Amino acid sequence: MNFYIGNSVKDINLNNKNIEFSDELIEYIYNSRDKVLFDMSKLYDIDPYDDVVILADDIQLIINTCKSILVSTILKDVRESEIWTIMLNELINMAQQALSMETGIVSIGD
C-alpha cells in the first residue's frame with residue numbers, strides 16, 4: 001500500500017510523493033500485537049488491499065504507534081528491520097506534514 005497526503009482518493013495525484021508500506025510489515029505488526037504493551041491497531045487495521053482515508057483525528061495515533069514500534073524491540077531481530085524502520089520514519093514525517101497542513105492521509109491498496 002502507498003500513503004499520500006489528502007482528504008480523499010480524488011484529492012491525490014498518484015504521481016506525487018508517497019510512502020510505500022510493505023504488506024509484510026503490516027502483517028508483522030499484526031502478528032506482533034501480543035508482544036507489546038501498546039496498541040498498534042491503527043496501523044494493522046488499515047486494509048492493504050483497499051483505498052482508505054485516514055482522517056486528521058487518527059493521524060496522531062498513527063504517529064504515536066510508529067514511534068512506539070521504533071523504540072520497542074519488536075523489529076530488533078527482523079531481517080527487514082532497516083527497511084521497515086525507514087518506512088515507519090517516512091510515515092511519521094508524512095503524517096506530521098499532513099497535520100501541519102490540516103489534511104488527512106490516503107492509503108491506496110495494492
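Note that this is a predicted model, so its numbers are computed, not measured.
A distance of 7.5 Å separates CG in Asn7 from CG in Leu55, rounded to the nearest 0.5 Å. Separating the CG atom in Leu70 from the CG atom in Leu88 is a distance of 5.0 Å, to the nearest 0.5 Å. Interatomic distance, NZ of Lys67 versus CG of Asn89, reported as 10.0 Å (0.5 Å rounding). Once rounded to the nearest 0.5 Å, the distance linking CD1 of Ile19 with CG of Asn2 reads 9.0 Å. The CG atom of Leu91 sits 7.5 Å away from the CD1 atom of Ile54 when rounded to the nearest 0.5 Å.
With hydrogens and angles disregarded, a donor-acceptor distance shorter than 3.5 Å links the side chain of Ser22 to the backbone of Leu25. For Tyr28 (side chain) and Ile74 (main-chain N/O), a donor-acceptor pair under 3.5 Å exists by modelled atom type.
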Take Gln60 and Leu99, measure what side-chain contact (heavy atoms from CB on, under 4.5 Å) needs, and give me the verdict at the end. CA-CA 8 Å; Gln60 188 61 53; Leu99 283 177; 3.4 Å; yes
For Ile46 and Ile26, run side-chain contact (heavy atoms from CB on, under 4.5 Å): C-alpha distance rounded to whole Å, both residues' side-chain angles, the deciding distance at 0.1 Å, then the answer. CA-CA 9 Å; Ile46 299 170; Ile26 294 297; 5.8 Å; no
For a side-chain contact (heavy atoms from CB on, under 4.5 Å) check, start with the C-alpha distance between Phe38 and Ser72, then their side-chain angles and the critical distance, and finish with the verdict. CA-CA 10 Å; Phe38 54 92; Ser72 74; 4.0 Å; yes
Test log, rule side-chain contact (heavy atoms from CB on, under 4.5 Å), inputs Val106 and Asp11: CA-CA 9 Å; Val106 178; Asp11 278 354; 5.9 Å; no
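Under a cut-off of 6.0 angstrom, the local environment of CD1 in Ile83 is sparse, with at most 12 non-hydrogen atoms contributed by other residues, nucleotides or ligands.
Cluster annotation: Ile63 and Val36 are assigned to the same hydrophobic cluster (Ile/Leu/Val/Met/Phe/Trp/Tyr, side-chain heavy-atom contacts under 4.5 Å, transitive). Ile12 and Ile5 fall into different hydrophobic clusters, where Ile, Leu, Val, Met, Phe, Trp and Tyr side chains are chained together by heavy-atom contacts under 4.5 Å. If you chain together hydrophobic residues whose side chains sit under 4.5 Å apart, Met1 and Ile92 fall into the same group. Both Met40 and Phe3 are part of a single hydrophobic cluster, where members link through side-chain heavy atoms under 4.5 Å apart.
In this structure, a donor-acceptor pair under 3.5 Å is absent between the side chains of Gln97 and Asn93.
Taking 4.5 Å as the limit, every side-chain heavy atom of Tyr4 sits out of range of all side-chain heavy atoms of Val9. Residues Ile108 and Asn18 have side chains not in contact (no heavy-atom distance under 4.5 Å, counting atoms from C-beta outward).
Classified by interplanar angle (parallel below 30°, tilted 30° to 60°, perpendicular above 60°), the ring pair Tyr30/Tyr44 is perpendicular.
Of all the heavy atoms in Cys66 and Leu43, the pair that sits closest is SG-CD1, 3.9 Å. Taking both residues in full, the closest heavy atoms of Glu20 and Met87 are given as O-CG, 3.5 Å, listed atom of the first, atom of the second, then distance. When all heavy atoms of Gly104 and Ile59 are compared, the closest pair comes out as CA-CD1, 3.7 Å.
Taking Ser81 as the reference, Leu75, Val78 meet the side chain to side chain contact (heavy atoms under 4.5 Å, CB included) condition, with sequence neighbours excluded.
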